Structures are given as structure tokens and as C-alpha cells.
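What you see is a predicted model; the values in this text were computed from it and never measured.
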Amino acid sequence: MKKDFFAQLVHGAIDKAIENNKLGELKENDFTPICEIPKNTNFGDYAINVSSLARNAKMAPPLIAQNIAGYIEQKGFSINIVAGFINFKLEKEMLNSIVEEILEKKELFAASDIGKGEKVNLEYVSANPTGPFHIGHGRWAALGSALSNVMKYCGYDVYQEFYINDAGNQINKLARSLELRVRELKGEKVEWEEDLYPGEYLIDCAKRYIASGEKESYGDFAKADMLRLQKELLEKFRTHFDCFFSELSLYKNNEVENCIEELKKKGKLYEKDGAVWFKSSDYTDTQDRVLKKSDGTNTYLTADIAYHKNKLERGFTRLINIWGADHHGYIARMKAAIDALGYDSSCLEVLLGQLVNIIQNGEQMRMGKRKKMVTLDELVEEVGVDATRFWMLMRSSDTTIDFDIDLAKSQSDKNPVFYVQYAHARACSILRKAVEKRLDIENKTELEPLFDKKELEEILINPDVKGLFENCHDDNSREAARALILKLEESKAMVEAAARLRAPYLLCKYSSELATAFHHFYNFSRVLTDDKETSKKRLALVECFRIILSKILDLLGVEAPQKM
RNA sequence: GCGCCUGUAGCUCAGUCGGAUAGAGCGUUGGUCUCCGAAGCCAAAGGUCACGGGUUCGACUCCCGUCGGGCGCACCA
């Protein structure tokens, strides 16, 4: 990565400058150079600001920059000092080497090992098996699966988990709801009580129940049926879990009781008003929490604590949970429980995703406050998996998304995902055309392809990119090629940032910028020309773009189409 | 009342680490196909970074306060 390269270069140069007494009163090099890409590219391709050394060195920033630069050998790049900034501009050999490196490493060019094999448990979606997913679940599914892809690509050992809330009261309600639907289907007139699930999806479920011979209990059947539908949709939505973890199994294996026992032994529980309380306020929680209700049943929290204990016992050193913003009050008590069990709660990381507002007919619908909600299934049906995933991912997770259904449906071609996919299809088209017969406009005759397939393979395996810039006939063309190469070089830094900050949206933004750089290049430089040598070099660059963009889209779980 | 998130162009949002002239998309206006995909590209217009203090060489960024918006404060899950 060039950023690291220049940062190390500057760090080494500072050592030498100190040795030679060129940095005034600065005697120790504890400076970490941070290499950034200047907003104004006239300064250079990369920049390091050394102004902050001024205080200890007691020297003016420009002089500091000058003296440090004196110890940098300018090989493959040039240096331009402005104020306290050392700017680096790559020369063509170094730019060419980036192209060669991408073609050599292919989709591993942007891969990283910052994860160092850390065992990460990523839990997300974790819906009740009581009905179809709503749009919010789609956001967590997209976020979790993309984050998993990105983190795996950066060397984390990620295990994706879905916690099935199949043990609470809601299952009884589900069972009762199914029972009523079944009786309705049989012609009986039934009275619906409050707080049941009146959604029409249970009518289909009831039909399946009757067809199955009604052997299972209502609850077991409905639960399994809902879970099956959820799993089908998740697969379609390119979200793959390594494990669906049942809450009920924690009770069956006595893990919930054992967990309560353990907390009791550690003196973290007490009884009050007939209930068993956990002293979570001993930690960072604002108040104590009930684990066992006065009727003898456990709260949701109790099983969830046992679940987190289970995860830790399985050897995960980092637990990442994706929760809706409405669960934020839950974090403190969960962390308290982890600490109380003798683990370090800093291993638990909760990504609080803000909610998705649904806008229909120009009106904001409140999630869940409306009888007929838009389900994820319906949304995907309308706008497709690619567009849904990209829309869900393109915003930072702590921003509320306004998902305008009408806009997504009617103007889907204005969707940013198409812009990016279009660039990919265009690159593929050029690579296709390179080996297809061409039409000579003037003579209206068919010309032989520029290259045969073997030739093209050879170009892409063993590229000769020398002269890529010499054959550009104007500044625009040269600058566009430079900008594209530099943008491609940035891919690894972007991927790492997305993994480190748990922020896949950075890659949506990056994919869009990359597409812009390519479109720009395309408009200023003709790839397929009669000059075969020039065509070869430019085809190599097109292939680089195709490789990187398709990898980025792959990480996001969005398809990179060859044709549109 | 308390906690979390949030306030940047007409709209939807970026702005990673405190640095150089504040960045995109959509929308608006104009230009651009005889030729590799015009779902593209180029150009223009558009800003008191909610407001008030503080920290410092320097603040959209960090700290404190005020105001607005969202979400939550169960022996529900």
C-alpha cells in the first residue's frame, strides 16, 4: 500500500534528520506519519503533514518538511513541499507497477491481514420466528453479511450466527394465532383476542398445517414454518449463516439454569418482590434487572446472558452484535453480565443500526404501527436484491434511512447501484469487443478482431504497460489514466477501513468513485484502436478495473454483471 | 426527566486522523454520440457546516451548553 510506503519513508527520514541535528530541539522520533490523499490533487498524489513536529522542534513547519525531505531518496516519485506538507507525486514507472501488481495478485490485491485470524462471532438479524421479515431486518442482513465478507477478506475468522428467539411468550401467541386461522379455514367463526398475530401470512401457514395432517403442535409447526420462510429469504438475499442458534436449546441443555447458578455463586443475584434480580448496577448499568420473574419464568435477558456465555465458551474473542437502535438500552446490562461472569466485556461490540423509515405515497409510515407493513420479501420482489442491498448499505449505520418505496420502484434506474454496475458491464464489453470482429464504417466491411483470445490472455497475464502514458495524446487522457490507477491503488486502504470501522458503506462510496474514475478514463482514452500496442496497455488497465470493482461488489453482496 | 443517535447545498447524504480552496449523487441550466455501452462524459449555479462558548498555530471534526429531529427508558421479546 502506497500510504504505508510513504509513511515509513518519512519516519525513516526523520530518524536520519534527528541524527544529523536537522530538526532543531527534536531529539526523539515518536511521530507517526499519517499519509493521506490530498483533496486538491494539484499538490500531489499522497501527502504527509509534519506541522505537528513544530512544537518540539521549535522550527517552522516548512523548514521541517524541507529538512526531512532531504533524507528521502526520490525514486519513482517526486516531492513537492507546501507549508508543512510533504507531497508525493508518483512517476509513470511506479504507476505502471501498480497495474502490474493488480494483474498479478488479481482479486487479492485489496486483501489484508489486519484481522490476524481473530475469532469473531457476528450475530445479526436474530428475528422472532413469528412472521415475515420487515424492511429493518433487511438492513441488518445486508450489513451483517457485507461486514462478514469484508472482515473475512481482511483476515478475521468470522462465524455468522442467527439467534432464534423461539422460547418466549410470543411463541404461545403464534400458536394461538395459527390455531384460530386453522379453525377459520374449517368454517368456524372465531373471536380474535388482543395481541395475536393477525397477519395474513398465517392463512397460508394454516393451509400447510392442515395439509401436513395436523400431527405437530400448533407452536412447533408455525415456528418451523416461519423459520423455513425466513431462511429461504436470507439465502435469496445472499446472507448465509454458519449457525442458527435456538434459544430453546439453551433451556433444554440446562444452560440457562447453570448460568443463573453461576451468577448466584458469584453473589450477583438477590431476591425482591418474589423475583430474582441481577445486580447489573454494580457495573455500568443504571439499574438492576430481573432475571427470574415472580411467576417463575425467565426474562429474555436471562437466556441471552446464557447465550453470550455459550459464545465465549466456544472460544470467540470478539463478539459483534448488530442490534436495532431501539435496543440500545440493552447494551449496558449485557456488558454487565459478561463482566459478572468473569469475562472482559470489552470483547462485546454492539453495532447499533438506526432504523429504516418507510415512505410511501409521500408519507412516512411508522414501523410496526401499521397493520399492513411492507415486508422485506415484497421490497426485494419490487426492486431486486442488488438495489435493496446497495441502498441498505450505502448509508452509515448510525443514520436513519428513508426508504422511499415509490422512488425505489418507479425510478430504479436512477439508483446508484446501476451506475456502478454499468461501469462494470462497460469494461466487460470492451474486453469482449477486443476479440470480436469489428465493422469498418468507411468501407462497410468486416475487419478481423484486434486480438485473438490467446493474445488477450497473454496481455492480461504478462502485461507490458510501459508507455501507457507516452501514448496518451492529451493531458485529459493522461490525467484520467493516472487518476484511475491511483483510485485502484486505494482499494486496499478502503477495504481495511471498512473492516476496522465496521463500515461497509465506505465500500459503496468507493465503488461509486471507482466507477466515476473509469467512466472518466473511458471518455478521454479510446481503448480499442488501430494502434495495437496502445490498445494492449489500455486493455490491461481496463482489466485491473474489472478485477477490483467486481471484488468490491462481491464483498457488498451485489452482482457485477457482464451485460445489462 | 435520563440515555443513545442525529443536525453540512433545494433534496438524500459523505467528510477516516484536528490540517491546504467544503465534497458527491439527485434535481436545475447549458454542452456532448459517424467510432470501444450516452444508464455515460464536460461545464455552470447552489454553503453563516443548527446556534453560543471553550481547547490551539489551526475546529465540520475534540469539550461544555442551548435549540430542533429520531429511538428507547418492562417482572415484553
Side-chain angles (χ1 to χ4, degrees), chain A residues 32 34 36 38-40 42-43 47 49 51-52 54-55 61 82-85 87 126-128 130 165 167-171 195 247 272-277 286-287 289-295 297-301 303-304 324-332 352-355 357 394-402 404 407 411 413-416 418-419 421-423 425-434 436 438-442 450 476 493-494 496-498 500-501 503 505-506 508-509 512-513 515-516 518-520 522-529 535 538-539 542 563-564:
Chain A
T32 312
I34 292 165
E36 56 191 351
K39 284 172 201 152
N40 183 341
N42 289 331
F43 289 120
N49 185 355
S51 304
S52 56
R55 186 177 301 169
V82 182
F85 289 87
N87 293 288
S126 298
N128 294 336
T130 53
N165 298 145
N169 254 329
Q170 78 280 8
I171 298 300
D195 275 351
E247 180 184 1
K272 192 181 89 181
D273 305 331
V276 177
W277 294 71
T286 49
Q287 52 177 288
R289 307 290 169 180
V290 170
L291 292 191
K292 204 180 264 294
K293 296 180 253 177
S294 50
D295 67 2
T297 61
N298 294 307
T299 61
Y300 173 78
L301 174 66
D304 212 10
D326 51 340
H327 284 69
H328 76 258
Y330 205 77
I331 299 173
L352 275 185
Q354 295 298 312
L355 302 177
N357 289 321
M394 64 193 258
R395 299 275 131 82
S396 155
S397 63
D398 45 31
T399 307
T400 311
I401 293 183
D402 285 330
D404 189 322
L407 195 76
Q411 300 189 10
D413 54 326
K414 296 237 162 71
N415 198 308
F418 287 110
Y419 177 82
Q421 290 183 317
Y422 179 74
R426 187 182 241 181
C428 290
S429 171
I430 295 172
L431 291 162
R432 266 198 310 273
K433 286 266 159 66
E436 278 175 5
R438 301 166 296 151
L439 202 64
D440 186 323
I441 306 296
E442 280 173 32
L450 265 181
N476 282 337
M494 291 307 303
E496 282 186 359
R500 214 179 48 241
L501 301 168
Y505 79 89
L506 291 171
C508 288
K509 194 169 150 257
S512 174
E513 289 168 2
T516 298
F518 177 72
H519 285 313
H520 201 81
Y522 171 89
N523 272 277
F524 285 115
S525 312
R526 204 182 155 76
V527 176
L528 302 174
T529 69
S535 302
R538 292 183 181 166
L539 275 169
V542 171
K563 285 181 184 173
M564 287 173 77

Is the phosphate of [N], meaning OP1 or OP2, less than 4.0 Å from a side-chain N or O of [X]?
X: A:Y419; N: B:C41; answer: yes
X: A:R538; N: B:C36; answer: no
X: A:K293; N: B:C76; answer: yes
X: A:Y522; N: B:A38; answer: yes

Rounding to a whole Å, what distance do you find between [X]:[atom1] and [N]:[atom2]?
X: A:L355; N: B:U6; atom1: CG; atom2: P; answer: 14 Å
X: A:Y330; N: B:C75; atom1: OH; atom2: P; answer: 12 Å
X: A:Q287; N: B:C73; atom1: CD; atom2: P; answer: 11 Å
X: A:E36; N: B:U61; atom1: CD; atom2: P; answer: 17 Å
X: A:H327; N: B:C5; atom1: NE2; atom2: P; answer: 17 Å
X: A:I34; N: B:C17; atom1: CD1; atom2: C1'; answer: 4 Å
X: A:Y422; N: B:A38; atom1: OH; atom2: P; answer: 4 Å
X: A:M494; N: B:A24; atom1: CE; atom2: P; answer: 16 Å

Measuring from atom [atom1] of [X] to atom [atom2] of [Y], what distance do you get when rounded to the nearest 0.5 angstrom?
X: A:L450; Y: A:E436; atom1: CG; atom2: CD; answer: 11.5 Å
X: A:L528; Y: A:L431; atom1: CG; atom2: CG; answer: 8.5 Å
X: A:T400; Y: A:L355; atom1: OG1; atom2: CG; answer: 6.5 Å
X: A:M494; Y: A:E513; atom1: CE; atom2: CD; answer: 6.5 Å

Using atom [atom1] of each nucleotide, how far apart are [N] and [M] to the nearest Å?
N: B:C41; M: B:G54; atom1: C1'; result: 48 Å
N: B:G70; M: B:U8; atom1: P; result: 15 Å
N: B:G47; M: B:A9; atom1: P; result: 10 Å
N: B:A39; M: B:C35; atom1: P; result: 13 Å
N: B:U6; M: B:A59; atom1: P; result: 22 Å
N: B:C64; M: B:A24; atom1: P; result: 33 Å
N: B:C49; M: B:G37; atom1: P; result: 46 Å
N: B:C17; M: B:C60; atom1: C1'; result: 14 Å

Of all the nucleotides listed ([options]), which has the minimum atom distance to the side chain of [X]?
X: A:D326; options: B:G72, B:G70, B:A39; answer: B:G72
X: A:W277; options: B:A77, B:G19, B:C75; answer: B:C75
X: A:S52; options: B:C71, B:G37, B:G19; answer: B:G19
X: A:N49; options: B:G19, B:G37, B:A77; answer: B:G19
X: A:L528; options: B:C75, B:C36, B:C41; answer: B:C36
X: A:H520; options: B:C36, B:A20, B:C42; answer: B:C42
X: A:A275; options: B:A20, B:C75, B:C42; answer: B:C75
X: A:H328; options: B:G37, B:C35, B:C71; answer: B:C71

Task: Along RNA chain B (nearest heavy atom to each residue), the more 5'-positioned of A:A167 and A:F524 - done: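 In this pair, the answer is A:F524.
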
Task: Closest-nucleotide ordering on RNA chain B, the 5'-leading residue of A:K563 and A:A325 - done: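 Its nucleotide being nearer the 5' end, the pick is A:K563.
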
TODO: Give the minimum heavy-atom separation between A:W277 and A:K272, together with the two atoms involved.
DONE: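 Nearest heavy atoms, A:W277 then A:K272: NE1-O, 3.2 Å.
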
Within the 4.0 Å heavy-atom criterion, would you say [X] contacts the bases, only the backbone, or no part of the nucleic acid?
X: A:S126; answer: nothing
X: A:N40; answer: base
X: A:K292; answer: nothing
X: A:A54; answer: nothing
X: A:N128; answer: sugar-phosphate
X: A:D273; answer: base

Open item on the list: Taking donor-acceptor contacts at under 3.5 Å, does the side chain of A:N87 reach the base of B:A20?
Closed with: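 Yes, the side chain and the base share a sub-3.5 Å donor-acceptor pair.
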
- [ ] Look at the side chain of A:S429 and the base of B:C36, then say whether one donor and one acceptor between them are separated by less than 3.5 Å.
- [x]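 Under the 3.5 Å cut-off, the side chain and the base do not form any donor-acceptor pair.
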
Open item on the list: Do A:R426 and A:F518 form a cation-pi contact, if we require the NZ or CZ to be under 6.0 Å from the six-membered ring centre and within 45 degrees of the ring's axis?
Closed with: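 Geometry flag: not set, cation outside 6.0 Å or 45°.
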
Has the side chain of [X] got a donor or acceptor atom that lies under 3.5 Å from a matching backbone atom of [Y]?
X: A:N523; Y: A:H519; result: yes
X: A:Q170; Y: A:N165; result: yes
X: A:S535; Y: A:T529; result: yes

TODO: Check the angle between the aromatic planes of A:Y330 and A:H327 and answer parallel, tilted or perpendicular using the 30° and 60° thresholds.
DONE: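 Perpendicular: the ring planes of A:Y330 and A:H327 meet at over 60°.
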
- [ ] Sort by first number and list every stem of RNA chain B: at least 3 consecutive Watson-Crick or G-U wobble pairs, both distances under 3.5 Å.
- [x]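 Consecutive-pair runs (3 or more) involving RNA chain B: B:1-7 with B:67-73, B:10-13 with B:23-26, B:28-32 with B:40-44, B:50-54 with B:62-66.
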
For nucleotides 8-15 of chain B, list the nitrogen or oxygen atoms of the protein found under 3.5 Å from its nitrogen or oxygen atoms, one pair per line.
residue, atom, partner, partner atom, Å
B:U12, O2', A:R395, NH1, 2.7
B:C13, OP1, A:T400, O, 3.1
B:C13, O2', A:R395, NE, 3.3
B:A14, OP1, A:S396, N, 3.3
B:A14, OP1, A:T399, OG1, 2.9
B:A14, O2', A:K509, NZ, 3.1
B:G15, OP1, A:Y505, OH, 2.3

